Each structure stands twice: as C-alpha cells, then as structure tokens.
Participant: 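Submitted below is the structure of interest, expressed as structure tokens.
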Amino acid sequence: MDRSTVRVLTLNCWNLSEPIAERIALIRAGIESLQPDLIGLQEIIVRADGLDEGALILDGLGYQRIFGPAFHWTDAGTAQPTDPGAHAFGNLIASRWPLRHHEVQALPGSETHEYRCALGALVDAPFGSIPFVTTHLNWKFHHGNIRERQVVALAEFTNRLAKGAGFQPILVGDMNAEPDSNEIRFLAGLAALEGRSTYFQDAWRVAGDGPGFTWDNRNRFAAIMFEPNRRIDYIFVGLANMHARGRIDAVRLVLDEPQGDVFPSDHFGLLADIRI
C-alpha cells in the first residue's frame, strides 16, 4: 500500500439485520483486502448480553477501536439517550494507530426520538495527530431541517477537535442527505446555515467518478425500501495545504458486490486515499 496516503473507509453496517453471519464475514473480508488505516462504522450494536458487533467485525484484524452510543434501549423496546446497562446503538472508530483521545457528541433532533451522535477521536499517526469523526444523521426524507441543525453542530464539534492537530480533520459517515441538499452544501462550503459557514472537501465531489450512489437499488437489501438511488455516505476532509497534504488522491465505492445474493450491508462503503 502507498505510504504517501492515509486510507479511510466508511460503512453503515445495517445493525444486526439478517443474514448477519454472512454479512459480517463479507465486511471482514473487505477490510482485510482493502487495508484501511482509519475506519468509521455506523449502526453498530452492542448488546447487554455481551454481543459486540464491532468485535465481530474487527477482532484479530489489527485495529484499535472505540464505540460511541447514540442511544440505548431495553428489552421492552424503550429507547433513551443514556442507560449503560441496556443495549446500545451507535458509531465506531477503528484505527491502525493509537487513539489518544475520544468523545461522543450528542446531536440535535432528540425530539424526533431518532437519537443521533458524532464520535470523534484524535489518532496518533506517525505523520501527525489526525482528528477523525464518524456520524449518522436522521434518516427520514422530511427531516432536512433536523439534519441542518445536526451538520452545524457536527462542523463545530469536528473543528473544535481539530484545533492544534497535525493533520486536516476527516469527517465520515451516513449523512442521509444528497449532495445538493442544504446539509451537504453547508459542509462543502457551498451554503451557510444559521449564519455560519465551514468548508470540507467532499471526497467524491473532488475525485469520484460517476454518481457514487451508496444507497442503490441493485443492492437487494436497499431495494426492499422502495427508495431512489442516492449518494448519502461521505468522506469529508479539511482543506488541503499548498504542499498537497490533505489532497484527495482517490475515492471509490467498496463493499458493493454480493456473494451469491448477500451484500455486506444495505449501504455501499466508501474508500478514500488522502495525501499525507
């Protein structure tokens, strides 16, 4: 692998939806083949009985990992933001390098009972400290106003984490919003929200080829929802410097092919190589 880049993977893992054993095997095989340095996973489940989806995916592959719960729920099905003794749903960061610091940031929108968070970490890479954030925003089509509030909070959280770091911030995840939405235009520096603006490189906008659909009806797990094809999963990177540090060298869809009729998830993954 080219050591002039850091390789980043993001994937929504579709919680424990069946066929879970076959899907996890495909995700593990994909990670072993792609050899990402940093991974952001969404819809990860940690159950009170000890089942840890992150462990099933990553144990033995050489990564440090942290889990950030967005919400907990009981056996009765009651969801709530915090309950350490209950089952948990959230995001995961995995890294080849030490994770020096991490924190979970709750995002706006709890009134929808669709509790969301961002998980951030400082990664001690050999070439500098990398601020790395993964998230999963509200999914409903009519929740654009909620996602607008979420991305404002997300940008503030990511930029705060990045202060004094040695590398551009990297923000990944399932944004549940298309490239021309206000939410994504805000993150890409193309629109202001709440009187604020920011800028991250949208890796696919910079270096992608084709529509880049990560929710695609050729995936039978997505097709059952009768939703249109969309690009809703992203890798964002802070502005590259004059020496090309932080430049998006390549980006592509991954984990987008089935074994038989089983896809790794209902989303496709996204992989980017970022110049160091």
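As the structure is a computational prediction, the values presented were derived from the model and not from experiment.
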Participant: Minimum heavy-atom separation for L9 and P36, please, with both atom names.
Facilitator: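 Nearest pair, atom of L9 first, then P36: CB-CB, 3.8 Å.
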Participant: I'd like to know if the side chain of W14 and the backbone of I20 have a donor-acceptor N/O pair within less than 3.5 Å.
Facilitator: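 Checked: no pair found.
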Participant: Measuring from atom NE2 of H102 to atom CG of L122, what distance do you get when rounded to the nearest 0.5 angstrom?
Facilitator: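 One gets 11.0 Å once the value is rounded to the nearest 0.5 Å.
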Participant: Donor-acceptor check, side chain of R23 to backbone of C13, threshold 3.5 angstrom: yes or no?
Facilitator: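 It does hold such a pair.
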Participant: I'd like to know whether L26 forms a side-chain contact (heavy atoms from CB on, under 4.5 Å) with L255, so could you lay out the CA-CA distance, the side-chain angles of the two residues, the decisive distance to 0.1 Å, and finally the verdict.
Facilitator: CA-CA 8 Å; L26 292 176; L255 295 165; 5.7 Å; no
Participant: Does a side-chain heavy-atom distance below 4.5 Å link P69 with V46?
Facilitator: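 When only atoms from C-beta onward are counted, V46 and P69 do not touch, as no gap falls below 4.5 Å.
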Participant: For residues P211 and R231, determine if any side-chain heavy atom of one lies less than 4.5 Å from a side-chain heavy atom of the other.
Facilitator: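 They are not in side-chain contact.
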Participant: Mind checking whether D256 and R218 have side chains closer than 4.5 Å, heavy atoms only?
Facilitator: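 In contact.
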Participant: Output the distance between atom CZ (F213) and atom CH2 (W204), rounded to the nearest 0.5 Å.
Facilitator: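 CH2 of W204 is found 10.5 Å from CZ of F213.
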Participant: Do the non-hydrogen side-chain atoms of Q35 and R96 ever get within less than 4.5 Å of each other?
Facilitator: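 Q35 vs R96: side chains touch.
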Participant: Minimum heavy-atom separation for A153 and L107, please, with both atom names.
Facilitator: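 The pair with the smallest heavy-atom distance is CB-CD2, 4.1 Å.
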Participant: Which pairs would a plain distance check flag for residues 189-198, meaning a side-chain donor or acceptor within less than 3.5 Å of a matching protein atom at least two apart in sequence or in another chain?
Facilitator:
{"from": "R196", "atom 1": "NH1", "to": "E156", "atom 2": "OE1", "distance (Å)": "3.3"}
{"from": "T198", "atom 1": "OG1", "to": "N159", "atom 2": "ND2", "distance (Å)": "3.3"}

Participant: Taking N12's backbone N and O only, do any of them form a donor-acceptor pair with S265's side chain (distance below 3.5 Å, no angle check)?
Facilitator: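 Yes: the side chain of S265 pairs with the backbone of N12.
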Participant: Can a donor-acceptor pair be found, under 3.5 Å and without considering hydrogens, that links the side chain of S95 to the backbone of I39?
Facilitator: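 Judged by distance alone, no pair lies under 3.5 Å.
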Participant: Quick check: closest heavy atoms across P264 and I27, and the distance to 0.1 Å?
Facilitator: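 Distance-wise, the nearest heavy atoms are O-CD1, 3.6 Å.
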Participant: In terms of hydrophobic clustering (I, L, V, M, F, W, Y; side-chain heavy atoms under 4.5 Å; direct or indirect links), are W139 and I232 co-clustered?
Facilitator: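 Shared cluster, no.
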Participant: Has the side chain of D124 got a donor or acceptor atom that lies under 3.5 Å from a matching backbone atom of W97?
Facilitator: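 Not at all, since once roles are kept as given, no pair shorter than 3.5 Å links the two residues.
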Participant: Return the minimal non-hydrogen interatomic distance between V251 and A203, and the atom names on each side.
Facilitator: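 That closest heavy-atom pairing would be CG1-O, 3.5 Å.
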Participant: Which residues pass the salt bridge (charged side-chain N to carboxylate O under 4.0 Å, His left out) test with E43, sequence neighbours left out?
Facilitator: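 With sequence neighbours excluded, E43 shows a salt bridge (charged side-chain N to carboxylate O under 4.0 Å, His left out) to no residue whatsoever.
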Participant: Donor-acceptor pair, Q105 side chain versus G120 backbone, under 3.5 Å?
Facilitator: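 A pair under 3.5 Å: no.
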Participant: In terms of hydrophobic clustering (I, L, V, M, F, W, Y; side-chain heavy atoms under 4.5 Å; direct or indirect links), are Y115 and F67 co-clustered?
Facilitator: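 Yes; tracing contacts between hydrophobic side chains, which count when under 4.5 Å, links both residues.
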Participant: Anything under 3.5 Å between a donor and an acceptor, one on a side chain of residues 47-61, the other on a protein residue two or more places apart or in another chain? List them.
Facilitator:
{"from": "R47", "atom 1": "NE", "to": "D49", "atom 2": "OD1", "distance (Å)": "3.2"}
{"from": "R47", "atom 1": "NE", "to": "D49", "atom 2": "OD2", "distance (Å)": "3.2"}
{"from": "R47", "atom 1": "NH2", "to": "D49", "atom 2": "OD2", "distance (Å)": "2.9"}
{"from": "D49", "atom 1": "OD1", "to": "L51", "atom 2": "N", "distance (Å)": "3.1"}
{"from": "D52", "atom 1": "OD1", "to": "G54", "atom 2": "N", "distance (Å)": "2.9"}
{"from": "D52", "atom 1": "OD1", "to": "A55", "atom 2": "N", "distance (Å)": "3.2"}
{"from": "E53", "atom 1": "OE1", "to": "I45", "atom 2": "N", "distance (Å)": "3.0"}
{"from": "D59", "atom 1": "OD1", "to": "R65", "atom 2": "NH1", "distance (Å)": "2.8"}

Participant: Is L161 reachable from V152 through a run of hydrophobic residues whose side-chain heavy atoms are each under 4.5 Å from the next?
Facilitator: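 Yes; L161 is reachable from V152 via cluster members.
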Participant: Please check: side-chain N/O of S129 versus main-chain N/O of A165, any donor-acceptor pairing under 3.5 Å?
Facilitator: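 Not confirmed, S129 side chain does not pair with A165 backbone.
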Participant: Check whether any side-chain heavy atom of F186 lies under 4.5 Å from a side-chain heavy atom of E148, and answer yes or no.
Facilitator: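 Counting from C-beta outward, F186 and E148 never come under 4.5 Å.
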Participant: How far does CG of N176 sit from NZ of K140, to the nearest 0.5 angstrom?
Facilitator: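 That separation rounds to 12.0 Å.
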Participant: Is V104 close to L119 at the side-chain level, that is, under 4.5 Å between some pair of heavy atoms?
Facilitator: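 Of all side-chain heavy-atom pairs linking V104 with L119, at least one is under 4.5 Å.
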Participant: Does the distance from a Lys or Arg side-chain N to an Asp or Glu carboxylate O, for R7 and D273, drop under 4.0 Å?
Facilitator: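 Counted as a salt bridge, because a side-chain N and a carboxylate O are separated by less than 4.0 Å.
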Participant: Atom OG1 in T134, atom CG in L171: separation rounded to 0.5 Å?
Facilitator: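 Result: 8.0 Å between the selected atoms.
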Participant: So how far is it from E257 CD to N219 CG, rounded to the nearest 0.5 Å?
Facilitator: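 Taking CD in E257 and CG in N219, the distance rounds to 10.0 Å.
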Participant: Heavy atoms, side chains only, cut-off 4.5 Å: are D174 and H136 in contact?
Facilitator: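 A side-chain contact under 4.5 Å exists here.
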Participant: With a 4.5 Å cut-off on side-chain heavy-atom distances among I, L, V, M, F, W and Y, is there a chain of contacts connecting V133 to I93?
Facilitator: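 No; I93 is not reachable from V133 via cluster members.
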Participant: Assign the ring pair H267 / W215 to parallel, tilted or perpendicular, where the plane angle (0 to 90°) is split at 30° and 60°.
Facilitator: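 Judged by the thresholds at 30° and 60°, the geometry between H267 and W215 is perpendicular.
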Participant: Please go through F226's hydrophobic cluster and name the other residues, only I, L, V, M, F, W, Y counting, with side-chain heavy atoms under 4.5 Å joining them.
Facilitator: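 Cluster partners of F226: none, it stands alone.
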Participant: Could you give me the CA-CA distance, side-chain angles and deciding distance for S181 and R147, then say whether side chain to side chain donor-acceptor pair (under 3.5 Å) is met?
Facilitator: CA-CA 10 Å; S181 66; R147 288 188 294 272; over 6 Å; no
Participant: Is there a chain of hydrophobic side chains (I, L, V, M, F, W, Y, each step under 4.5 Å between heavy atoms) that links F200 to V172?
Facilitator: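 Different clusters.
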Participant: Check step by step if side chain to side chain donor-acceptor pair (under 3.5 Å) holds for T112 and N138.
Facilitator: CA-CA 9 Å; T112 67; N138 272 41; 3.3 Å; yes
Participant: Checking R116 against L137 for the side-chain contact (heavy atoms from CB on, under 4.5 Å) test, could you report, in this order, the C-alpha distance in whole Å, the side-chain angles of both residues, the deciding distance, and whether it holds?
Facilitator: CA-CA 6 Å; R116 302 296 184 181; L137 305 186; 5.5 Å; no
Participant: Please say whether more than 12 non-hydrogen atoms of neighbouring residues, nucleotides or ligands are located less than 6.0 Å from CD in E227.
Facilitator: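 Counting other residues, nucleotides and ligands, CD of E227 exceeds 12 neighbours.
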Participant: Any chance you could lay out the side-chain contact (heavy atoms from CB on, under 4.5 Å) test for F141 and H143, step after step, and finish with the verdict?
Facilitator: CA-CA 6 Å; F141 283 80; H143 278 182; over 6 Å; no
Participant: For the backbone of V262 and the side chain of E22, can you confirm whether one donor and one acceptor N or O come within less than 3.5 Å of each other?
Facilitator: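 Pair absent, no side-chain N/O of E22 close to backbone of V262.
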Participant: Report the hydrophobic cluster partners of I146, with the cluster defined as I, L, V, M, F, W, Y residues connected by side-chain heavy atoms closer than 4.5 angstrom, directly or transitively.
Facilitator: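 I146 shares its hydrophobic cluster with no other residue.
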Participant: Taking only Lys NZ, Arg NE, NH1 and NH2, and the carboxylate oxygens of Asp or Glu, determine whether E178 and R185 approach each other closer than 4.0 Å.
Facilitator: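 Salt bridge between E178 and R185, a charged N being under 4.0 Å from a carboxylate O: no.
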Participant: Has the side chain of T158 got a donor or acceptor atom that lies under 3.5 Å from a matching backbone atom of L154?
Facilitator: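 It does hold such a pair.
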Participant: Go through the steps for I274 and I248 under the test side-chain contact (heavy atoms from CB on, under 4.5 Å), then give the verdict.
Facilitator: CA-CA 5 Å; I274 303 164; I248 315 293; 4.3 Å; yes
Participant: Got P19 and F221 here, is their nearest side-chain heavy-atom distance under 4.5 Å?
Facilitator: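 Contact flag for P19/F221 side chains = yes.
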Participant: Could you tabulate the donor-acceptor pairs under 3.5 Å formed by side-chain atoms of residues 235-243, not counting sequence neighbours?
Facilitator:
{"from": "N241", "atom 1": "OD1", "to": "H243", "atom 2": "N", "distance (Å)": "2.8"}
{"from": "N241", "atom 1": "OD1", "to": "A244", "atom 2": "N", "distance (Å)": "3.2"}
{"from": "N241", "atom 1": "OD1", "to": "R245", "atom 2": "N", "distance (Å)": "3.0"}

Participant: Once you round to the nearest 0.5 Å, how far does CZ of R220 lie from CG of D261?
Facilitator: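 It is 4.0 Å, given to the nearest 0.5 Å.
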Participant: I'd like to know if the side chain of Y234 reaches the main chain of A177, judged simply by a donor and an acceptor atom lying under 3.5 Å from each other, with no hydrogens or angles considered.
Facilitator: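 Pair found, side chain donor or acceptor close to backbone of A177.
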